[in-house]
Structure formats: structure tokens, C-alpha cells
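The structure under discussion appears below in the form of C-alpha cells.
Lettering follows sequence order; numbering is per chain, from 1. All values below come from the heavy atoms of this structure, side chains included, with hydrogens, waters and symmetry mates left out.
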There are 2 protein chains.
Amino acid sequence: MTRVTPQPRNLPQECSDCPIRHKAVCARCESDELEQLEAIKYYRSFEAGQTIVWSGDRMDFVASVVTGIATLSQTMEDGRRQMVGMLLPSDFLGRPGRETSSYDVNAATDLVLCCFRKKPFEEMMLRTPHIGQRLLEMTLDELDSAREWMLLLGRKTAREKIASLLCIIARRDASLHLRGPGAPLRFDLPLTREAMSEYLGLTLETVSRQISTLRKEGLIVTEGKRQVTIPDFDRLLEESGDDSDGGLLG
Amino acid sequence: MTRVTPQPRNLPQECSDCPIRHKAVCARCESDELEQLEAIKYYRSFEAGQTIVWSGDRMDFVASVVTGIATLSQTMEDGRRQMVGMLLPSDFLGRPGRETSSYDVNAATDLVLCCFRKKPFEEMMLRTPHIGQRLLEMTLDELDSAREWMLLLGRKTAREKIASLLCIIARRDASLHLRGPGAPLRFDLPLTREAMSEYLGLTLETVSRQISTLRKEGLIVTEGKRQVTIPDFDRLLEESGDDSDGGLLG
DNA sequence: TCTCAACCTTGACATAGATCAAATCACATG
DNA sequence: CATGTGATTTGATCTATGTCAAGGTTGAGA
């Protein structure tokens with residue numbers, strides 16, 4: 001397994017007053033809640049490529065991504081796989097009120113999770129409405145992005161899919177780094193070609209070919225396998241089939 | 001626009017003590033909450049084919065589906081469309097905390113909504129944690145089904161997509177009617193070929209051809225355009241590519 | 001520096017599903 | 001009962017993407 005060192009990132013979502021440091025679960029940082037969360041939390045690290053939970057496994061924790069990327073995938077009996085979730089730092093993993101995982105959870109890069117034992121977390125949710133409210137917001141956001149993703153899977157061409165994914169990653173990367181607009185974007189592709197193909201509902205060969213095409217056309221510049229530079233974000237965005245408004249940091 | 005008369009259904013989710021009669025928003029039927037809900041609710045009816053809200057429109061209500069089917073769709077600039085949500089009786093429509101709709105909302109059949117003015121509904125949610133909790137549960141369920149749908153869009157063949165959709169509709173129809181297992185399933189297809197193609201990420205011609213193929217193979221029986229009978233549910237389910245456990249009423 | 005294994009790229013060919021074009025059906029209306 | 005219109009079916013063809021197969025790169029570790 002190739003490793004991608006998790007970059008310590010400059011999290012804008014970070015909650016500086018809070019030892020857990022993730023607004024994901026600590027929306028207002030009230031001290032009694034923090035104390036309760038402290039008591040039930042623990043960290044876990046994973047190497048790139050490792051499977052964290054298999055679909056159907058018992059899962060007795062929920063978690064917040066600290067660094068790295070986790071993916072959720074579904075598998076059909078004959079082995080066809082589709083990624084259905086990509087979790088970046090501060091995203092929430094796990095479903096309160098469910099015993100077993102419905103998805104395979106994988107570490108796409110080296111990964112650190114901040115886990116909370118599920119039972120006490122759920123009890124705390126009942127006592128502390130704003131945690132549930134925050135979770136509802138996050139779940140609604142995830143539902144929105146799942147629906148964008150459905151449009152991509154159902155209606156976009158291979159080229160549009162690749163352009164969309166590059167824009168999505170660039171955007172999230174930029175927002176994590178709080179880069180100024182206008183600057184050419186340069187980042188590490190955190191996914192293998194295979195992971196990209198699982199994200200996009202394509203084969204790995206098609207992914208590779210489309211990336212080559214975009215490179216030849218000058219829409220992207222690559223160094224090595226993973227370093228990507230986007231000289232003109234808006235031009236790439238036009239290839240993605242998305243409405244072109246709502247720019248890089250929208 | 002062809003009309004499909006909304007069947008008054010025997011809702012198992014119906015909450016008989018409650019004038020709103022939808023557990024969707026009235027989880028425990030406590031009387032003071034009911035009174036508050038009564039004060040902000042109103043009904044709206046739509047004909048099959050009507051657009052309820054356009055993507056980007058202001059939407060100052062949330063709602064619960066009473067009878068009929070509503071769909072959520074996304075549209076690309078060049079007109080390609082993908083359905084991203086299908087709401088059946090007791091499902092919830094609208095996103096608390098958002099001013100405008102992100103999707104086109106359409107009536108797939110004749111439709112009755114029980115609407116609640118958004119502002120007071122949101123205020124009530126803050127005062128009444130269990131409504132938020134119930135909404136979180138429903139949103140998590142929707143997220144799960146969106147993810148199943150992503151697998152369908154990304155990895156299933158046209159034949160598997162059609163079989164899946166028929167099973168989904170049959171299952172939901174059966175659960176609404178509380179039919180016994182074993183009986184052959186007979187129901188009205190509540191979607192046009194075009195709506196099915198938008199659901200499945202296919203063209204309408206491919207949908208039609210696959211349905212014809214399944215008919216010729218005896219997996220389904222059709223009368224007219226919309227009446228469908230599934231003589232052997234499990235056999236159809238095998239064609240859907242889904243894990244075959246979790247039978248009709250699972 | 002060399003080697004190896006994992007990852008990626010490219011080519012040739014096959015095919016599922018899209019596209020374009022005609023029927024045909026079936027129901028509401030006169 | 002005839003008619004017209006939108007929905008559906010079916011056919012012929014095209015093409016984007018999948019499949020199979022062979023090389024090429026890259027980077028970690030010896």
C-alpha cells in the first residue's frame with residue numbers, strides 16, 4: 001500500500017477552545033458537554049488502503065475525521081463497487097441508532113479518527129439537543145452532496161465526471177488551506193485511479209485516459225502521478241457540466 | 001398530462017390520534033405540539049405532471065406527503081435531468097434552514113401535501129427536540145436510500161436498474177397495503193417511462209425496451225401501460241443485482 | 001544504484017446503451 | 001364513434017465506454 005502522509009491541515013472548521021477541536025460534534029463548546037465527550041473519546045490511526053469496517057460489521061463507535069480521507073463504499077455480490085461517501089477532516093462517520101455498518105469504510109489516505117463510544121454518545125445526544133441539531137445540519141448537507149453525486153453518476157460523461165471530481169477536490173483542498181482566489185491550484189490527488197473510478201462509476205482505464213486528455217489539452221498539469229495543478233479553475237469547471245457560478249470558494 | 005387518481009391508501013404510518021395524521025412530523029402526538037402544528041398547517045393539491053417548485057425558487061414551507069408521489073430532480077444547463085428524490089406518502093419535503101429549493105419538485109401523480117409554514121415550524125423544532133430527532137432519523141434514512149441509488153446509477157446495467165425500480169415500487173406499494181407475502185403483486189406504475197428514465201439515468205427508449213424484455217421473459221405481466229403484476233417477486237429481485245436476502249417486507 | 005511491485009498508461013477491439021426515426025397505442029374530447 | 005395528441009414501442013445505426021492485454025513509471029527498500 002502506498003502511503004500518502006496526512007498533511008497536518010489548517011482546519012477552518014477547527015474549534016480552538018475545544019480539546020476535541022471538531023465542530024462536527026462540539027457545536028458550542030459548552031464545558032459540561034466537553035467533559036462528557038472527553039470521557040468517551042479515543043483516537044485511532046489507519047494507514048492508506050486499510051479497511052476500517054466491513055459492510056455488515058458491528059460498529060460501536062461514531063467518529064469525526066481529524067486528518068486524511070475516509071471513503072464509504074457499497075459492493076455487489078459479483079464485486080462491482082461504488083463509492084458512496086468521501087469523508088474529509090471534520091466530517092462525521094457513523095450512524096447513531098444503527099448497530100452495524102451499511103458500507104465498507106476505508107482509509108483512502110493515512111487517516112486519524114476521533115472516535116466516540118456509540119452508546120454514551122447517543123445518550124448524550126438525547127440530553128443535548130444542539131448536538132442532534134448540528135448532526136441534522138451535517139446530514140442534510142451530506143444528502144445534498146449525495147444528490148449532486150447522483151446527477152454526476154446518472155447523467156455526466158466521463159470527461160465531465162473527471163472534471164467535476166478534480167474541481168471538488170480542488171475546492172475542498174483550497175477551503176482547507178484558505179488560499180486566495182486567482183492563484184493556480186496545486187494539490188496532491190488523494191485518491192488512486194482505482195478509487196477515482198469507484199467514485200465516478202467508471203473503469204480505472206477510462207479515468208486514466210480522460211486525465212491524459214485533459215493534460216494534453218492543458219486544462220490540468222501533472223507532476224508524477226498525484227501532483228496536480230489547475231492553471232485555470234473556471235475553465236476546468238466549464239468542462240464539469242456544473243453551473244459555472246458559485247466560484248472556487250462559494 | 002395523464003392523471004393517475006391518487007389512491008386513498010391505508011397508511012400504516014398514519015397516526016390515528018393526530019389530526020395531522022403523519023408521524024413524519026408528529027412523532028409522539030403530544031397535544032400542545034399538535035395545537036401548534038394545527039395553527040401553521042395547510043393543505044395543497046397538485047395534478048400529475050405539475051411543477052411545485054423550481055430549483056432556486058423561494059420555498060417558505062416544509063411539507064409531508066399525504067397522498068401521491070412527489071419527485072425531486074436536478075437539471076443541467078443543456079437539459080439533461082436526473083431525479084434525486086422520490087417522496088411517497090408520509091415522506092418529508094423541504095429543508096429546514098434553507099431559503100430556496102435546490103431541486104425542481106414535481107408531482108409525479110396527483111398529489112396532496114400537508115404544508116407547514118417554515119418559520120414557525122423551525123421555531124417549533126427548536127422548542128421540541130423530538131421533532132428534530134425524528135427529522136434526523138428520516139434524513140439518515142433518506143441518505144441511506146440515496147446511497148443505494150448511487151450504486152444503482154454508477155454500477156448497475158439497464159436491466160438491473162429496471163428490475164430494481166420495479167422491486168422498490170412493489171415493496172413500497174406492498175408496505176402501504178400491508179399485503180401478505182406470497183401473493184402475486186399487482187400495482188399501478190406511478191411513473192411515466194420518462195420519469196423512470198430520469199430516476200434510472202437511462203433514456204426512455206432503453207427503459208421501454210427493457211420492460212418489454214422482462215415481459216417477454218415472463219418476469220412481469222403488464223396490462224395497459226401502467227398496470228404491472230409481478231408473479232414471482234424473488235425471481236425479479238434476483239435480476240436487480242441486490243443481495244437477495246431481506247425479502248418483500250424486510 | 002538496482003530491483004520489484006504496485007500503480008498507471010496506452011492500444012485494439014467489443015458492446016451496452018444512446019440517438020434518430022417510424023410506427024402504434026390508448027385515452028380524452030368532440 | 002371518430003379523431004387527435006401525447007405516451008409508448010420498435011427498428012436501425014452510432015458511439016462512448018468497457019474489456020482484455022501489453023508496456024511503462026515510480027518510489028521504497030535492499
Side-chain angles (χ1 to χ4, degrees), chain A residues 1-5 47-50 76 78-82 108-110 152-163 188-217 220 222-228 239 241, chain B residues 1-5 47-50 76 78-82 108-110 152-163 165 188-216 220 222-228 239 241:
Chain A
M1 299 292 162
T2 308
R3 300 233 220 132
V4 175
T5 310
E47 290 184 6
Q50 239 183 305
M76 293 173 66
D78 62 4
R80 279 175 280 173
R81 282 170 67 83
Q82 175 64 51
T109 63
D110 285 355
L152 176 148
L153 290 170
R155 294 301 183 191
K156 289 189 180 176
T157 64
R159 160 181 264 253
E160 287 168 338
K161 286 178 175 181
I162 297 285
D188 259 335
L189 256 191
L191 303 177
T192 64
R193 298 289 182 267
E194 186 178 33
M196 294 175 74
S197 76
E198 282 181 20
Y199 186 109
L200 300 171
L202 296 169
T203 58
L204 140 182
E205 293 94 328
T206 299
V207 170
S208 179
R209 275 188 251 271
Q210 293 295 339
I211 288 178
S212 298
T213 307
L214 292 178
R215 180 177 349 96
K216 281 170 201 152
E217 295 177 6
I220 60 175
T222 60
E223 297 150 71
K225 283 174 193 167
R226 313 189 81 124
Q227 194 73 8
V228 174
E239 299 295 330
Chain B
M1 298 290 164
T2 308
R3 299 233 220 132
V4 174
T5 310
E47 291 185 6
Q50 239 184 305
M76 294 173 66
D78 61 4
R80 278 175 283 174
R81 281 170 68 81
Q82 175 64 51
T109 64
D110 285 356
L152 176 147
L153 290 170
R155 294 301 183 190
K156 289 188 181 177
T157 64
R159 159 181 265 252
E160 288 169 338
K161 286 178 175 182
I162 297 285
L165 178 55
D188 259 335
L189 255 191
L191 302 177
T192 63
R193 297 289 181 266
E194 186 178 32
M196 294 176 74
S197 76
E198 281 181 20
Y199 186 109
L200 299 170
L202 297 170
T203 59
L204 135 184
E205 292 96 327
T206 298
V207 169
S208 179
R209 274 188 251 272
Q210 294 296 338
I211 288 179
S212 298
T213 307
L214 293 178
R215 180 177 349 97
K216 282 169 200 152
I220 59 175
T222 61
E223 297 149 72
K225 284 174 193 167
R226 312 189 83 123
Q227 195 72 9
V228 175
E239 299 295 331

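When rounded to the nearest whole Å, the span between CG of Asp110(A) and P of dA28(D) equals 12 Å. Taking atom CE on Met196(A) and atom P on dT17(D), their separation rounds to 15 Å, with Å as the unit. If you take CD1 of Ile162(A) and P of dA16(D), they are 16 Å apart, rounded to a whole angstrom. The CG atom of Leu204(B) sits 16 Å away from the P atom of dG17(C) (whole-angstrom rounding). In this structure, Lys225(B) atom NZ and dT5(D) atom P are separated by 15 Å, rounded to whole Å. In this structure, Leu200(B) atom CG and dG17(C) atom C1' are separated by 13 Å, rounded to whole Å. Separating the CG atom of Leu189(A) from the C1' atom of dT26(D) is a distance of 15 Å, rounded to the nearest angstrom. Residue Arg159(A) contributes atom CZ, which lies 17 Å from atom P of dT15(D) at whole-angstrom precision.
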Apply side-chain contact (heavy atoms from CB on, under 4.5 Å) to residues Leu214(A) and Arg159(A) and explain how you reach the verdict.
CA-CA 8 Å; Leu214(A) 292 178; Arg159(A) 160 181 264 253; 3.9 Å; yes

For side-chain contact (heavy atoms from CB on, under 4.5 Å), just list the numbers for Gln227(A) and Thr222(A), CA-CA rounded to whole Å, side-chain angles, deciding distance to a tenth of an Å, and then say yes or no.
CA-CA 6 Å; Gln227(A) 194 73 8; Thr222(A) 60; over 6 Å; no

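With hydrogens and angles left out, the side chain of Arg226(A) and the base of dG27(D) share no donor-acceptor pair within 3.5 Å. Residue Arg209(A) places a side-chain atom within donor-acceptor reach of the base of dG11(C), judged by atom type and a 3.5 Å distance cut-off alone. At a cut-off of 3.5 angstrom, the base of dC8(C) holds no donor-acceptor pair with the side chain of Glu205(A).
Counting non-hydrogen atoms under 4.0 angstrom, Leu202(B) reaches the backbone sugars and phosphates but no base. Here Ser212(A) lies in heavy-atom contact (under 4.0 Å) with sugar-phosphate atoms only.
Put simply, the residue from Arg193(B), Arg81(B), Arg80(B), Gln82(B) that forms a side chain to side chain donor-acceptor pair (under 3.5 Å) with Glu198(B) is Arg81(B). When each of Gln210(A), Lys161(A), Glu160(A) is tested with Leu200(A) by the rule side-chain contact (heavy atoms from CB on, under 4.5 Å), just one qualifies, namely Lys161(A).
Of the side-chain N and O atoms in Ser208(A), one or more sit less than 4.0 angstrom from OP1 or OP2 of dT9(C). Distances shorter than 4.0 Å separate none of the side-chain N or O atoms of Thr206(A) from OP1 or OP2 on dT17(D).
Remark on DNA chain D: of its neighbouring residues Thr203(A) and Lys216(B), the 5'-side contact belongs to Lys216(B), judged by nearest-heavy-atom nucleotide. Position along DNA chain D of the nearest nucleotide to Gln210(A) versus Arg215(B) favours Arg215(B) as the more 5'-ward residue.
When side chains are defined from C-beta on, Arg226(A) counts as touching Thr192(A), because their heavy atoms get closer than 4.5 Å.
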